[in-house]
Protein chains: 2
Amino acid sequence: MLTIGQLAAYAGVTVRAVRHYHQIGLLPEPERDASGYRRYGVTAVVSLIKIRTLADAGVPLSQISRMLEADASAFAEAIRTIDDHLRDEIQRLETSRRHIAQLTAGDTLALPPEVAAYLDRLRSIGASQRMVEAERDGWILVAARWPDRIVEWMPGKIAHLDDPQVVRLYRVLSEIFDGDEEDDPRLAEAADIMACLAEQAYAAGEVLHAEEVDDDLPHDLIDALAIESDPRVRRLRELMRERGWSGWNRMERLPKPPPD
Amino acid sequence: MLTIGQLAAYAGVTVRAVRHYHQIGLLPEPERDASGYRRYGVTAVVSLIKIRTLADAGVPLSQISRMLEADASAFAEAIRTIDDHLRDEIQRLETSRRHIAQLTAGDTLALPPEVAAYLDRLRSIGASQRMVEAERDGWILVAARWPDRIVEWMPGKIAHLDDPQVVRLYRVLSEIFDGDEEDDPRLAEAADIMACLAEQAYAAGEVLHAEEVDDDLPHDLIDALAIESDPRVRRLRELMRERGWSGWNRMERLPKPPPD
DNA sequence: CTTGACCTTGACGCTGCGTCAACCCTCCAT
DNA sequence: ATGGAGGGTTGACGCAGCGTCAAGGTCAAG
């Protein structure tokens, strides 16, 4: 007659595990001796070894009792099911590994490398750290909504940065937002450039029409993000409105210039 | 301002997950509106997306906040650690898959194929189902203790089954244990054969010496197993004792024939 | 006014045990 | 006889990451 410790040692498991198997009814509780100790016969050893064999192979404890009673075909079927689960789990983890290999701190987190390249380019033309971070967060919002299309958009965006007007715009905006003047006169200059760029884009037919995008939320969020990160964006929007454009990131020509 | 449902939908997670992140302090609790609803700003969206990006890559939630604040080198280090864990986990599961592929119902469970072959051979020479199952359980005990050495022992064991005496022995034992006679006369015949075989083995120097095996427990268990599966084994042991042999599975010549 | 879709907190469930806590039993050396 | 080490006993919480009720309060629309 064996004690629980001897049984566990023989089968290569912990005492706690054996008690757990009792609790869930996987291994029957044995008789107790006079002092209340569990006393095991050899059949318990054999059962426990079988249980561990299946458990080590990845069979969930809840299915082991069924499998020990199953006939060959039911057993094989159960094995297939479990193997499928294992395969799925391995795939999941391997996907995780591939993802994690792509991760870097800072700009590239939650963004495809194309966008990271765009942000690097932004920095190199003189955009401030704050500016780049704000852009990054905006693109994170876009990437979450259109993870595939964003990659198509980036080449155009990057090319756009060759335009001296755009460079000037980002520099001016950087200066404005790095300063703390409530009503910086350069806001007007920025608005002028943006209106001019919008005009060019409109002339080239590049302004998005409402139907092309199924969902306004990302743009609204980016708006909110910009305002949250610096309230002077609100003033910038007003200035754009005066110049006949509705927004600040997704521009639309206002139906009528408001009489002032 | 977004509700929790809108926030969750945008980031592609469940509402429950967002609340969980609040609970563990991963995502800060936002302000509440007049009715007690949580109201989220855009920064929460960006944070949540970053959190999901890391979580989807297999980063444990408990480490995500640290990683979001880490510099590039600490981040990379953390990534390595997590990747190592993922690799280990994948290996574990792949090991499980290899194990599970080997599993079959019945005889081969918890036994190497060599032993299964031995058991098949046993059946083919006329051993009864009960007999084979008892042998199987015994070998399970042995395999648990000496998983490597058992494979070396099997060829000899299988060859042993070519001996007509052994065949006769198993048939007689099968008949005895399939019947229900308390004191079957064939027990004596079985004992005679076993004694004879023991004599041959002893002469060939094949009897194990006590020092060769570091551990008696498996043999003791097999003894107990046999007695548990059929009490008449006890009688068989007595008969062996009368013939000058100590045991029934691991035999030793008794020091002196007891004067009767 | 009702209905249905959201929101709130609180709590248990899952998987397979690890790890106290607080106490009892046995055996061995002194 | 005694004391301590090394067993055993039940009971309970903890872990990871949420899913899933329960039992409500709120909001927008018909």
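A quick note: this is a predicted structure, and the numbers were derived from the prediction, not measured.
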Taking 4.0 Å as the cut-off, does a side-chain nitrogen or oxygen of [X] come that near to OP1 or OP2 on [N]?
X: B/T14; N: D/dC18; value: no
X: A/R32; N: D/dT10; value: yes
X: A/R19; N: C/dT19; value: no

Compare the minimum distances between each of [options] and the side chain of [X], then state the nucleotide with the smallest one.
X: B/Y37; options: D/dC27, C/dC17, D/dG7; result: D/dC27
X: A/A17; options: C/dC24, C/dC17, D/dC18; result: C/dC17
X: B/S35; options: C/dA11, D/dC27, D/dG8; result: D/dC27
X: A/R16; options: C/dT9, C/dC17, C/dT26; result: C/dC17
X: B/H20; options: D/dG17, D/dT9, C/dG16; result: D/dG17
X: A/T3; options: D/dC18, C/dC17, D/dG8; result: D/dG8
X: B/R38; options: C/dC6, D/dT10, C/dT8; result: C/dT8

- From the options B/H85, B/R92, B/R87, B/Q91, select the one residue that forms a side-chain contact (heavy atoms from CB on, under 4.5 Å) with B/E89. B/R92

- Message: Over all strands shown, is B/I4 touching base, sugar-phosphate only, or nothing at heavy-atom distances under 4.0 angstrom?
- Response: sugar-phosphate

- Taking the inter-plane angle between the rings of A/H219 and A/W146 on a 0 to 90° scale, is it parallel (under 30°), tilted (30 to 60°) or perpendicular (over 60°)? tilted

- Report yes or no: is the cationic atom of B/R145 (NZ for Lys, CZ for Arg) closer than 6.0 Å to the six-membered ring centre of A/Y10, at no more than 45° off its axis? yes

- Query: Rounded to the nearest Å, what distance is computed from the CG atom of residue A/L26 to the P atom of nucleotide C/dC17?
  - Reply: 10 Å

- Query: B/H22 has an atom NE2; how far is it from atom P of D/dG17, in whole Å?
  - Reply: 17 Å

- Distance-only, no hydrogens or angles: does the A/Q102 side chain make a donor-acceptor pair with backbone N or O of A/H99 under 3.5 Å? no

- Query: How do B/Q23 and B/D33 order along DNA chain D: which one's closest nucleotide is nearer the 5' end?
  - Reply: B/Q23

